[in-house]
Amino acid sequence: MSFENPGTPLNAMTMLAGQIGSCRKCALSLSRIKTVPGEGPAPCRVMLIGEGPGKKEDESGRPFVGRAGAILSDLLARIDLSREEVFITSVVKCRPPKNRAPVKEEIAACMPFLDRQIAILSPEILVPMGRVAASAIFSRYGVAFPSFSEVRGKRFSVNEKDTGREMSIIPVYHPAVITHNPPARAALEEDFIRLGEILHTLD
Ligand code: URA
């Protein structure tokens, strides 16, 4: 896939959103209502990466606007971050039917868009949320992924694909975890508090 170089990060993101909007590289494009490229400042310091859009996101074209989104906004507020200060996206930009996890081929088809977003936005920190996003990001950057529980809340250093610039990856639980596993709330909050602490050390 080739991308043009259209000037400012904001212009580049707008152009990229257009390319995502017309993508037909995998079967998710057949069932989607809207593509969900993501939203937030360009450039950005922190990039939050979920698994894939759900029903509300598919209908609106905006990331994390459903139940998981409300939980995410609350977690961010607790570490003094607003949604407007971070870029929010997912590994796949179209909704997997019935909210199933995206499969390997769908993630691979969509990864050039995430790579391009990272190149444009120059984030300091990538925050994959949940096992699916963490495993996709770790594999993309060639970092060993023994299990989600072993990597969550820890910081890993990698080099950005295009420029070699150093970035951190800090995996956290997916906000939706507490909708099907309420006792995981403490671990989820712990991960975001740890993220806030690491952000402060980088200030
Ligand atoms: N879950 C995700 O991973 N992404 C969204 O946009 C919404 C819910």
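Scope of the values below: all heavy atoms of this structure, side chains included, with no hydrogens, waters or symmetry mates. We're numbering straight along the sequence, starting at 1. Remember, it's 1-based here, ligands and their atoms both numbered in the order they're listed.
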Among S29, S22, C94, which one satisfies side-chain contact (heavy atoms from CB on, under 4.5 Å) with T35? C94
So is H174 touching ligand 1 or not, going by heavy atoms under 4.0 Å? yes
Can you confirm whether more than 12 heavy atoms, excluding those of R131, are under 6.0 Å from its CZ atom? no
What atoms of ligand 1 come within less than 4.0 Å of a heavy atom belonging to G50? 3 (O)
Ionic contact status for R95 with E57, cut-off 4.0 Å: no
Salt bridge or not for E190 and R152, using N-O below 4.0 Å? yes
Any nitrogen or oxygen of G54 lying under 3.5 Å from a nitrogen or oxygen in ligand 1? Just yes or no. no
Ligand-side contact atoms (ligand 1) for residue partner P63, heavy atom cut-off under 4.0 Å: 6 (O)
Which one holds for M129 and ligand 1: side chain close, backbone close, both close, or neither close, with close meaning a heavy atom under 4.0 Å? neither
What is the nearest protein non-hydrogen atom to atom 2 (C) of ligand 1, stated with its residue, atom name and distance? G52 O, 3.0 Å
State whether the number of non-hydrogen atoms from other residues, nucleotides or ligands found under 6.0 Å of K161 atom NZ is greater than 12. yes
Polar contacts were defined as any N/O atom of the residue lying under 3.5 Å from an N/O atom of the ligand; does this apply to F64 and ligand 1? yes
Less than 6.0 Å separating the ring centroids of Y141 and F156? no
Please report which non-hydrogen protein atom sits nearest to atom 4 (N) of ligand 1, along with the residue it belongs to and the distance in Å to one decimal place. S90 OG, 2.9 Å
Is the terminal nitrogen or CZ of K56 (NZ for Lys, CZ for Arg) located under 6.0 angstrom from the six-membered ring centre of F64 and within 45° of that ring's axis? no
Side chain, backbone, both or neither: the part of E51 lying under 4.0 Å from ligand 1 by heavy atom: both
